[in-house]
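Working notes for the structure below.
Numbered from 1 within each chain, the chains take letters A, B, ... in sequence-line order.
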There are 2 protein chains.
Amino acid sequence: MKNMSVLTEKAKEQGLRLTRQRKVVYEELTKVDTHPRAEEVFQMVKRRLPQVSLGTVYRNLKTLKEMGLISEYKYARNYSRFDARMEAHNHFTCLKCDRVFDLLEPPNLNFQQILPKQSGFKVRYSRLEFYGECPNCSRMNSF
Amino acid sequence: MKNMSVLTEKAKEQGLRLTRQRKVVYEELTKVDTHPRAEEVFQMVKRRLPQVSLGTVYRNLKTLKEMGLISEYKYARNYSRFDARMEAHNHFTCLKCDRVFDLLEPPNLNFQQILPKQSGFKVRYSRLEFYGECPNCSRMNSF
DNA sequence: TTAAGTGCAAATTCTTTGCATCATA
DNA sequence: TATGATGCAAAGAATTTGCACTTAA
């Protein structure tokens, strides 16, 4: 699993230990593309490490984020969702089933179209979030 | 103040009462363009109605949102920000001073560029959020 | 008059943290 | 073996809610 070598590398690089808990949190997060919440990650990790605590999961999610290996999204809900996919991409949140989908097509946004060059705003990053019905919920036509 | 007649209208329309607290919450929110948090709205309202409670402010923000008179933004923080400006617009969040600016230029986004027509995703609305340095913090050049 | 709305405080939800102990490097 | 990480439980921060009282319509 090449993902693990990235983790090992980064950990050594930053003088951090590679504990079983940290490894499993990262492994489980790379397995899914559902942008799980901390509680959901906790449940996934718990299946493999029954003794793990929620606090440890929170601490490792924070550490992995600081290592640049995962992203945290706080948009549109009162809790965070986590994602091990690090390429720039957009999200589609289904208002019905609450799932978050990745939209991998590049956004192709022209910032200058929106932010005039002389405005003085320096964009570090941007996020484009879509909300609506996913194909599955849309098909059931019961919105 | 024409904003108030909108409130009166909507309230009558939906069989809701127009209490002093509800009125002042809305009035204060229309006065600012700083996207205040619930606690900040509470402080603004408290200056005019010292007896008001935080719970009442939360309840009224929720009600006003349901009335379609204000918007709630939960992006990027663990708390909400509220806004009485209802036209579609984008936001710029300064990573340094944490202020949120309105960007009124229309986004001019072509959804189909990002979401292929046949994808099955039905977009209800989208949000484009910029993050970076505002003109003021950018000028101080100390990021 | 009467039910929607309020004030107050307690409860909920998500997240962080202090501390004694554990285990990686 | 030294110290970064863990488990546990308690604390925090933002928000919601139950209940008796108030007030707009």
Separation of atom [atom1] in [X] from atom [atom2] in [N], rounded to whole Å:
X        : N       : atom1 : atom2 : value
Leu61(A) : dT6(D)  : CG    : P     : 11 Å
Leu64(A) : dA5(D)  : CG    : P     : 11 Å
Tyr26(B) : dG5(C)  : OH    : P     : 17 Å
Gln51(A) : dC8(D)  : CD    : P     : 6 Å
Leu49(B) : dA24(D) : CG    : P     : 11 Å
Phe42(B) : dA9(C)  : CZ    : P     : 12 Å
Arg22(A) : dG7(D)  : CZ    : C1'   : 15 Å

So Arg22(B) and Tyr26(B), side-chain contact (heavy atoms from CB on, under 4.5 Å) or not? Walk me through it.
CA-CA 6 Å; Arg22(B) 183 161 298 162; Tyr26(B) 184 60; 5.9 Å; no
Test side-chain contact (heavy atoms from CB on, under 4.5 Å) applied to Gln21(A) and Arg59(A), step by step
CA-CA 10 Å; Gln21(A) 291 88 335; Arg59(A) 273 185 287 229; over 6 Å; no
Smallest heavy-atom separation, Phe82(A) atom then Arg37(A) atom, equals CD1-C, 4.4 Å
Against Thr93(A), only a single residue in Tyr131(A), Phe130(A), Phe101(A) fulfils side-chain contact (heavy atoms from CB on, under 4.5 Å); can you say which?
Tyr131(A)
Between Arg48(B) and Glu28(B), is there a salt bridge with N-O shorter than 4.0 Å?
yes
Under the side-chain contact (heavy atoms from CB on, under 4.5 Å) criterion, do Tyr73(A) and Arg127(A) qualify, and how do the steps go?
CA-CA 10 Å; Tyr73(A) 297 98; Arg127(A) 247 165 52 191; 3.9 Å; yes
Between Thr56(A) and Lys62(B), which is nearer to the 5' end of DNA chain D once each is assigned its nearest nucleotide?
Thr56(A)
List, with names and distances, any nitrogen or oxygen atoms from the protein found under 3.5 Å away from nitrogen or oxygen atoms belonging to nucleotides 13-15 of chain C.
| unit_1 | atom_1 | unit_2 | atom_2 | d |
| --- | --- | --- | --- | --- |
| dC14(C) | OP1 | Arg37(A) | NH2 | 2.7 |
| dC14(C) | O5' | Arg37(A) | NH2 | 3.4 |
| dT15(C) | OP1 | Ser80(A) | N | 2.8 |
| dT15(C) | OP2 | Tyr58(A) | OH | 2.4 |
| dT15(C) | O5' | Tyr58(A) | OH | 3.2 |

Hey, are the side chains of Leu64(A) and Leu29(A) touching, using non-hydrogen atoms and a 4.5 Å cut-off?
no
When the nearest nucleotide of DNA chain C is assigned to Gly15(B) and to Gly55(B) on a heavy-atom basis, which residue is associated with the more 5' position?
Gly15(B)
All N/O contacts under 3.5 Å from nucleotides 18-25 of chain C to the protein, with atom names and distances to one decimal?
| unit_1 | atom_1 | unit_2 | atom_2 | d |
| --- | --- | --- | --- | --- |
| dG18(C) | O6 | Arg59(A) | NH1 | 3.2 |
| dT24(C) | O2 | Arg17(A) | NE | 3.3 |
| dT24(C) | O2 | Arg17(A) | NH1 | 2.8 |
| dT24(C) | O2 | Arg17(A) | NH2 | 3.3 |
| dA25(C) | OP1 | Leu18(A) | N | 2.7 |

Side-chain N or O of Gln21(B) versus OP1/OP2 of dG7(C): is the shortest distance under 4.0 Å?
yes
Thr56(A) OG1 to Arg20(A) CZ distance, which is reported to the nearest 0.5 Å
11.5 Å
Output the distance between atom CD (Glu72(B)) and atom OH (Tyr79(B)), rounded to the nearest 0.5 Å.
13.5 Å
